[in-house]
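What's counted below: heavy atoms across the whole structure, side chains too, no hydrogens, waters or symmetry copies. All values reported here derive from a predicted model rather than from experimental measurement. Here is how names work: the chains are called A, B, and so on, in the same order as the sequence lines, proteins then strands, and each is numbered from 1.
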Amino acid sequence: MKHNSLQDILTQRFAAAVATVAGLPPDQVDPQIRPAGDPKFGDYQCNVAMSLARTLKSKPRDVAQRIKDAVESRLADIAEPLEIAGPGFLNIRLKDELLAQYLGEIPAPLSEPRARATGASEPGAPATRASEPRAQATGSVAPGGTAQERGHTGAAWPLTDRVGLSPVEQPQRVVVEYSQPNIAKQMHVGHLRSTIIGDVLARVLAFEGHEVVRQNHIGDWGTQFGLVILGLWHICMARDRGEPDYLQKMLPRLANKRDPENRTAAFDEVKSQHDRDYDRDDTGAPDGKGKLVFLPFLERIHQNKSVSLDEIELSYRYVTQLQDISKDREGDPYHGLPQRVTSWLQLGDAQEMLAWKYCRAITLDYCSHTYAHLGVLLSPQDIHGESFYSLGDDKDPKDRLREVLQELREKFGATAGLPREGTRVRAAVRDDEGAVVVYLYNDQGEPLFKDRDGKKLGMIVQKSDEAYLYATTDLAAIRFRLRELPFPSGVGAQRVIYVTDARQKLHFEMFFACARAAGWITDAVRVDHVTFGSVLGGDHRPLKTREGGTVKLRELLDEAERRAFELLQQRAAAAEERRDEEDGTARPSLTADTAVAPAEQREIARRVGIAAVKYADLRNDRNSDYVFDWDKMLALTGNTAPYMMYAYARIRSIYRKAAERIGSPDVYAAGVTLALAHPAERALALRLARLRETIDVVAADLTPHVLCTYLYDLAADFMRFYESCPVLDAPDDASRLSRMRLCDLAARTLRLGLGLLGIEVIERM
RNA sequence: GCGCCCGUAGCUCAGCAGGAUAGAGCACCGGAUUUCUAAUCCGGCGGUCGCAGGUUCGAAUCCUGCCGGGCGCGCCA
C-alpha cells in the first residue's frame with residue numbers, strides 16, 4: 001500500500017542532500033520539489049537552488065550542481081541523471097522502471113471478483129427512508145458506528161478498491177456538516193452546492209482513513225413553525241369542509257398585490273371562514289377533548305401520509321399572505337397568532353407537536369429521496385437539527401440551548417470578567433435592549449467585530465422575545481460535537497468542517513471566536529468554514545426559474561436526467577445512421593455491441609445526468625460563482641462528466657472484446673510487467689502514479705476541483721494512449737498484458753476518483 | 001464607511017507553498033478512421049494575467065494604492 005506520493009519520495013531523498021549543502025538539519029529544509037512546469041523539463045523539478053544561493057552567497061547554478069552531486073547517489077535507482085537548466089532548476093525524470101515498479105505494487109483488487117472490481121454496474125445508494133424523526137435523532141453513531149459502516153470502510157458506497165493507497169496512520173475524528181435543508185420546504189438549488197461539495201469532502205476524508213461523521217443541521221425549529229402548523233390547520237379545515245382546493249383557489253387572490261380590493265375581499269372571506277372553522281374545531285373543552293377536527297386529522301395523516309410537501313409549502317405561502325395582509329388591517333386580526341402557535345409548540349403541546357412532527361417527517365422523506373437520487377450519502381442518522389439542541393432526543397431529552405446560555409453567562413457574565421485563561425479571545429455577555437448579546441475582544445481588549453458605524457458588534461444569542469437564534473444553535477451544535485458526539489474511537493470531534501455559502505462567513509467567524517473564548521474549541525481542535533459561491537443563471541444573476549422563483553432541486557435533477565436521455569438517444573440514432581451508410585457491416589457501434597435494454601438506457605441517462613450536474617459544480621474552485629449551463633455540463637467533449645464516463649466505458653469495452661477474443665487473462669499475474677516504451681504509455685503511467693499526491697492535496701485543502709482536474713487529465717491521457725497504443729492487437733503478448741494492466745489501473749483510478757466525487761461510472765454509453 | 005470574495009484568450013475556467021516561453025476546454029480554421037465506442041485524437045488561431053507602484057535574481061502568484069463586479073455588516077439563516 002502506498003503511503004508516499006512520488007513527490008514525497010523525491011522530497012525525502014532531496015532533503016538530505018539539500019541539508020548537507022545548506023548546512024541545516026534535513027527536517028528544516030524544503031527542497032521545493034514540484035511537478036515539472038512542462039513535460040519537456042521532465043517529471044518533477046527541484047527549485048530550491050535559486051533561493052538557497054542567496055543565503056549561501058554563491059551562484060544558483062553552482063548550488064544546483066552541489067545539490068546534484070550530493071543527491072545523485074541517492075537517486076540512482078529512481079531517476080535518470082539530473083539536468084541543471086535555466087537559472088538553476090534541477091530537472092528530474094523518473095526512470096521508467098521506477099514508474100513500472102511503483103504502479104506494479106498496486107495489488108489486484110482483493111475484496112471482490114475482478115470483474116466487479118474494475119467497474120461492474122452497481123446500483124445507486126439504496127433509498128433511505130426517514131422514519132420517525134425523533135427516534136432517528138438519537139445516537140448518530142450506532143453500535144458499530146455509522147462512520148464505520150459507511151464512510152470509514154465504505155460499505156454503503158462502492159469503494160472497496162483503494163487502488164493501492166493506504167489510509168493515514170493517524171486518523172482524526174472529523175465532523176462534516178453539510179446540506180442543511182429546511183423543514184416544510186423542498187430543497188432547491190440553494191442547497192445543491194453544500195450537499196454536493198460536503199459529500200465529496202466527507203468521502204475524501206473517509207477515504208484518507210479518517211473517522212467521518214456527517215451532520216445534517218436541518219432547520220426544523222424556530223419561529224416559522226407557527227406558520228407551518230397554521231398552514232396545516234388550514235389544509236385540514238378545507239378538507240374537512242369538503243373544499244380540498246380552497247387554498248389553491250384563494251392563494252392567487254391573496255397574493256395578487258396589484259388588485260388590493262380583491263385581495264382584502266379574499267382576506268375577509270378567509271378570515272370569517274377561519275373563525276367558523278376555529279369554533280368548529282376547538283370547543284374549548286379541557287384535556288384536548290375539545291379539539292374535534294385538527295387533532296384526529298393529524299393522527300390520520302400520520303398513518304396515511306396524505307398531505308404532500310407541495311401542499312404544505314403552498315399552505316405556508318397562504319398563511320404568509322394572510323399575515324402580510326393582516327398587518328395593514330385595522331386591529332391586525334392575525335396579530336401574534338403564529339407566535340402563539342410557536343410557543344404552544346415549544347411548550348410541548350401535543351397537537352402542535354404532532355403537526356410539527358408530520359411536517360418534519362414528510363420533509364425528511366422527501367430529502368432522503370433527493371439524497372438517494374443525487375447519490376449523496378446523508379442518511380436519517382446524520383440529522384441533528386435545530387430541534388435536537390432544544391429538545392434532545394428520547395433517550396436524553398434536554399435543552400442544550402439553555403445550557404449554552406447558562407455557560408456563556410457563567411463564563412462571560414459581568415462578574416466573570418475577562419479574559420479567560422488559555423484563550424486569546426475574550427468575551428462578555430450583556431443584555432442589550434432585552435436581547436442577550438456576546439461581545440468578543442482580542443487580547444488587547446479591542447472589539448473583534450464592528451458594525452457599519454465602527455462600533456463594536458455583538459452576537460445575539462437570545463432575542464428580546466427569549467427565542468434563540470442560529471448563533472445559539474451553532475454554539476450548541478459545536479459544543480455537542482466536541483463533547484458528546486460518539487465516534488468509533490471515542491467521543492468528540494477533533495475537526496469540524498462546515499460547508500455553507502460564503503455569505504455566512506462573518507457569522508462563522510463570530511461563533512468560532514465565541515466558542516474559542518468559551519474554551520470549547522481548543523488548540524487541539526481544527527474548525528474549517530468551507531465556503532462556496534453562487535449558482536448563476538445565463539444572465540449571470542443567481543439562478544431562478546423563468547417566473548423568478550427558486551429552482552426546485554427535484555425538478556432540476558429530473559431535467560438533467562431527461563436531457564441526458566435525449567442526448568443518448570440522439571447519439572444512438574447517429575451511430576445507427578453511420579452504420580447504415582457503411583453497409584451495416586464495417587463498424588461495431590453502440591447498438592451492434594450491446595443492444596442496450598431500455599431499463600439500462602434509463603439508468604445510464606440517470607447516471608450521466610446526475611454526474612453532469614455534480615461535476616459541473618465541483619470542477620471549478622468552490623469560491624467562485626459558476627454559471628449553470630445545461631449544454632456545457634452535458635457536452636461530450638472537454639472537462640465534463642460524460643467525457644470521463646466515456647473514457648471509462650471505452651476501457652470496459654476493451655475488456656468485453658478481450659473476453660470474446662482471448663479470454664480474460666490475469667493482468668496482475670506475477671509475470672506481467674509494465675512496459676512503458678511508448679510516450680503515451682509513459683504519460684498515462686505517470687498520471688496514474690500521481691493519484692496519491694492529488695488526493696492528498698484535495699484532503700489538505702478541501703478542494704474537489706483539484707481532483708476533477710486530475711481525472712480530466714487522466715481521461716485525456718487515456719484517450720491519447722487509446723489512440724496510439726492498440727491493446728488487443730498489441731505487437732506481442734507481453735505488451736498486450738502490460739497495456740491491459742494499464743487499462744485496468746486507469747479504470748480503477750477513474751472509478752475511485754469519480755467515486756470520491758460521488759459519481760457512478762457506467763459500463764457503456 | 002468597514003470587512004470578505006472575485007477580475008487571466010471572444011466565452012467558461014485552471015495556474016496563485018514566487019520559478020523557465022502563462023495553460024485547458026468551448027468557439028473558429030485545418031487534418032487523421034480497413035484497427036479495441038469518431039461521444040475520439042493531432043495541428044493552427046487566440047492573452048498589456050483589471051490598472052499603477054513596491055519587494056525579489058525572478059511576480060498572474062507576495063505587499064500597498066486605485067478601478068470594476070459580487071457579497072456581508074444584531075434580534076433571518
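Taking the nucleotide of RNA chain B with the nearest heavy atom to each of H705(A) and D451(A), the more 5' of the two is matched to H705(A). In this structure, Q504(A) and K40(A) both approach RNA chain B, and ranking their closest nucleotides by distance from the 5' end singles out K40(A).
Under 4.0 angstrom from either OP1 or OP2 of U56(B) there lies no side-chain N or O belonging to S51(A). One finds no side-chain N or O of Y712(A) lying less than 4.0 angstrom from the OP1 or OP2 phosphate oxygen of G23(B). The shortest distance between the side-chain N/O atoms of K632(A) and the OP1/OP2 oxygens of A27(B) is not below 4.0 Å. One finds a side-chain N or O of R720(A) lying less than 4.0 angstrom from the OP1 or OP2 phosphate oxygen of C42(B). Residue K463(A) has a polar side-chain atom (N or O) positioned under 4.0 Å from OP1 or OP2 of C76(B). Within the structure, a side-chain polar atom (N or O) of H540(A) is placed less than 4.0 Å from OP1 or OP2 of U12(B).
In this structure, C49(B) forms no base pair with any nucleotide, since neither Watson-Crick nor G-U wobble geometry is met with both distances under 3.5 Å. With a 3.5 Å ceiling on both atom-pair distances, A60(B) lacks any Watson-Crick or G-U wobble partner. Pair check for U40(B) finds A32(B); Watson-Crick or G-U wobble, both atom distances under 3.5 Å. In a base pair of the Watson-Crick type (N1 to N3 plus N6-O4 or O6-N4) or a G-U wobble (N1-O2 and O6-N3), with each distance short of 3.5 Å, U12(B) is matched with A24(B). The base-pairing partner of C4(B), taking Watson-Crick or G-U wobble contacts with both distances under 3.5 Å, is G70(B).
F721(A) comes within 4.0 angstrom of nothing in the nucleic acid, heavy atoms only. Within 4.0 Å of Q7(A), counting heavy atoms only, lies at least one base atom of the nucleic acid. Within 4.0 Å of E433(A), counting heavy atoms only, lies at least one base atom of the nucleic acid. At the heavy-atom level, G37(A) lies nowhere under 4.0 Å from the strands shown. Nucleic acid contact for Q570(A): none, since no nucleic acid atom lies under 4.0 Å from a heavy atom of the residue. Residue Y626(A) is classed as a sugar-phosphate contact, given heavy-atom separations below 4.0 Å to backbone atoms only. Backbone-only contact: R54(A) has heavy atoms under 4.0 Å from sugar-phosphate atoms and none from a base. Residue contacts shown for D38(A) are absent, as no nucleic acid heavy atom lies under 4.0 Å away. Residue contacts shown for L728(A) include a base, since a base heavy atom lies under 4.0 Å away. Residue-level contact check: A716(A) touches neither bases nor backbone, having no heavy atom under 4.0 Å from any strand. Residue contacts shown for M719(A) are limited to sugar-phosphate atoms, with no base heavy atom under 4.0 Å away. Across all strands, N91(A) comes closer than 4.0 Å to base atoms (heavy-atom distances). Within 4.0 Å of S464(A), counting heavy atoms only, lies at least one base atom of the nucleic acid. Counting any heavy atom pair closer than 4.0 Å across all strands shown, Q224(A) reaches no nucleic acid atom.
Side-chain atoms of Q7(A) come within 3.5 Å of backbone atoms of I33(A) as a donor-acceptor pair (strictly under, hydrogens ignored). At distances below 3.5 Å, not a single donor-acceptor pair connects side-chain atoms of T342(A) with backbone N or O atoms of F225(A). Although no hydrogens or angles enter the test, the distance criterion places no donor-acceptor pair under 3.5 Å between the side chain of N182(A) and the main chain of K185(A). Put simply, the side chain of D220(A) gets close to the backbone of S387(A): a donor and an acceptor are under 3.5 Å apart.
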Inset, instruction - Output, in order, the C-alpha distance, side-chain angles, deciding distance and verdict of side chain to side chain donor-acceptor pair (under 3.5 Å) for D474(A) and H507(A). - result: CA-CA 10 Å; D474(A) 276 332; H507(A) 161 65; 2.6 Å; yes
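When distances run from any side-chain atom of N620(A) to the nucleotides A14(B), A20(B), C73(B), the shortest one goes to A14(B). Of all nucleotides listed (G74(B), A20(B), U35(B)), G74(B) comes nearest to the side chain of D432(A). Here U37(B) is the nucleotide among G74(B), U37(B), C41(B) with the atom lying nearest to any side-chain atom of A649(A). Nearest to the side chain of P726(A), among C13(B), G72(B), C36(B), sits C36(B). Of the candidate nucleotides G70(B), C76(B), C36(B), C76(B) has the atom nearest to the side chain of L469(A). Each of A39(B), G19(B), G72(B) was ranked by its minimum atom distance to the side chain of R503(A); first place goes to G72(B). The side chain of Q45(A) lies closest to G19(B), out of G19(B), A14(B), U37(B). The side chain of R650(A) approaches A38(B) more closely than any other nucleotide in the set C75(B), A38(B), C26(B). For A435(A), the listed nucleotide lying nearest its side chain is C75(B); candidates were G19(B), C71(B), C75(B). Side-chain proximity of R452(A) to A20(B), C73(B), C71(B): nearest is C73(B).
With P as the reference atom, C67(B) and G25(B) are 38 Å apart, rounded to whole Å. Taking atom C1' on both A24(B) and G69(B), the two are 25 Å apart, rounded to the nearest angstrom. Taking the C1' atoms as reference points, U8(B) lies 14 Å from A59(B), given to the whole Å. A gap of 38 Å separates the C1' atoms of G10(B) and G1(B), to the nearest Å. Spacing of C1' atoms, A22(B) relative to G46(B), comes out at 13 Å, to the nearest Å. Comparing the P positions of G7(B) and C62(B) gives an interatomic distance of 11 Å, to the nearest angstrom. Distance noted for atom P between G30(B) and C45(B): 15 Å (whole Å). Taking the P atom of each, A39(B) and U34(B) are spaced 16 Å apart, rounded to whole Å.
With a glycosidic angle no more than 90° from 0, A17(B) adopts the syn conformation. Classification of G74(B) as syn follows from a glycosidic angle within 90° of 0.
Two residues are said to be in side-chain contact when any heavy atoms from C-beta on lie closer than 4.5 Å; H678(A) and S724(A) meet this criterion.
The one candidate from Y389(A), F388(A), Y178(A) that meets the ring pair (Phe, Tyr, Trp, His ring centres under 6.0 Å) condition with H217(A) is Y389(A).
For Y498(A) and F511(A), the gap between ring centers is short of 6.0 Å.
Ionic pairing of E660(A) and R656(A) is not present here: no N-O contact between side-chain nitrogen and carboxylate oxygen is shorter than 4.0 angstrom. Ion pairing between D625(A) and R193(A) fails under the 4.0 Å rule for side-chain N and carboxylate O.
Here F89(A) packs flat against the base of A20(B); its ring centre is closer than 5.5 angstrom to the base's six-membered ring, tilted by less than 30 degrees.
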